[in-house]
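Chain A is the first sequence line, chain B the second, and so forth, proteins listed ahead of strands; every chain is numbered from 1. Values below: every heavy atom of this structure, side chains too, minus hydrogens, waters and symmetry copies.
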Amino acid sequence: MKKLLFVQSKPPHGSLQGQEGLDAILAGSAFVDCAILFSGDGIYQLLSRQHTDALASRDYAATYLALADYGVDQLYCVAADLKQRSLTMADLLLNPTLLDDAGVKALLHGADAILDF
Amino acid sequence: MQFMIVVQGGPYTTQASLTALHFARAVLASGHKIYRVFFYHDGVYNGNALIAPPQDEIDLHQTWCALGKEHSLELIVCVASALRRGLLDATEAQRYEKSASNLDPQFTISGLGQLIDGALTADRTMTFGA
């Protein structure tokens, strides 16, 4: 089976990029093996305790919790991105696999196609 | 080689649309094929038939239409992205009881399955404006 890699690199709520990216991931999960790399500010999409009511923005982070039901269980983030943002796993809704630069390179090379958001 | 082109930037707002056009032309000029162009996020605005730029500026919408027509390209606009941004063809305008439609007939409204299919089928997927 082919493998699609989705790269989420935008923070949530400031734009629709993350939310519409997640829509694409859900669509992809119906067809193939999907993995997600949270890159740079994209890791903020996985923050727990997001309060979106005041933003009139959808709290789509909750959908990430349901991804396993769609067969999407390969979530990755870059260790250095977390460190730069003073984040730890305890701040996140899920536990993505931490990658170093070599790990990111291997992940990118292992995908049949990459969709960036 | 077959290319899938994903455009996520609106016309004039960012360079994404024009760069994607240049890339598409280069692909075709090199003898390669374009499997599909998929417009997502603000990229759907490229399908807006009401775009009316100053005469001494490039008309990005018309340029996409002309390229699509000349090479029989599939220019697909994501339905969810399009509807929330007010890009409607006649069918959707009727369905949502809107007073007008504005999607150029050279573009087709379709779903995210077209994005996934394109990424899986084409030899290369190029994203502009992510």
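Heavy-atom pairs under 4.5 Å with chain B peak, among A:Leu26, A:Val32, A:Asp112, at A:Val32.
Residue contact with chain A, scored on non-hydrogen atoms closer than 4.5 Å, involves the backbone and the side chain of B:Ser81 alike. Interface remark: A:Leu16 contributes backbone and side-chain atoms alike to the contact with chain B (heavy atom separation under 4.5 Å). When heavy atoms are compared at a cutoff of 4.5 Å, A:Gln8 does not approach chain B at all. Proximity to chain B is absent for every atom of A:Lys3, based on heavy atoms less than 4.5 angstrom apart. Contacts between A:Phe117 and chain B at a heavy-atom distance below 4.5 Å involve backbone atoms as well as side-chain atoms.
Using a 4.0 Å cut-off between charged nitrogen and carboxylate oxygen, A:Lys2 and A:Asp33 do not count as a salt-bridge pair. Looking at A:Lys10 and A:Glu20, no side-chain N of the basic residue comes within less than 4.0 Å of a carboxylate O on the acidic one, giving no salt bridge. Ion pairing between a basic and an acidic side chain is recognised when a charged N comes within 4.0 Å of a carboxylate O; A:Arg85 and A:Asp41 show such pairing.
Considering CG of A:Asp116 and CZ of A:Phe6, their distance stands at 10.5 Å, rounded to 0.5 Å. Note that NZ of B:Lys69 is 13.0 Å distant from CG of B:Leu67, once rounded to the nearest 0.5 Å. In this structure, CG on B:Leu60 lies 6.0 Å from OG1 on B:Thr63, to the nearest 0.5 angstrom.
Aromatic rings from B:Phe128 and B:His22 are positioned such that their centres are separated by 6.0 Å or more. Between B:Tyr45 and B:Tyr12, the ring center distance fails the sub-6.0 Å criterion.
Each of B:Asn48, B:Asp89, B:Leu50 was checked for a side-chain contact (heavy atoms from CB on, under 4.5 Å) with B:Leu103, and the lone residue meeting it is B:Asp89.
For a heavy-atom cut-off of 4.5 Å, chain A lies close to B:Leu112, B:Gly113, B:Leu115, B:Ile116, B:Ala119, B:Leu120, B:Thr125 in residues 104-125 of chain B.
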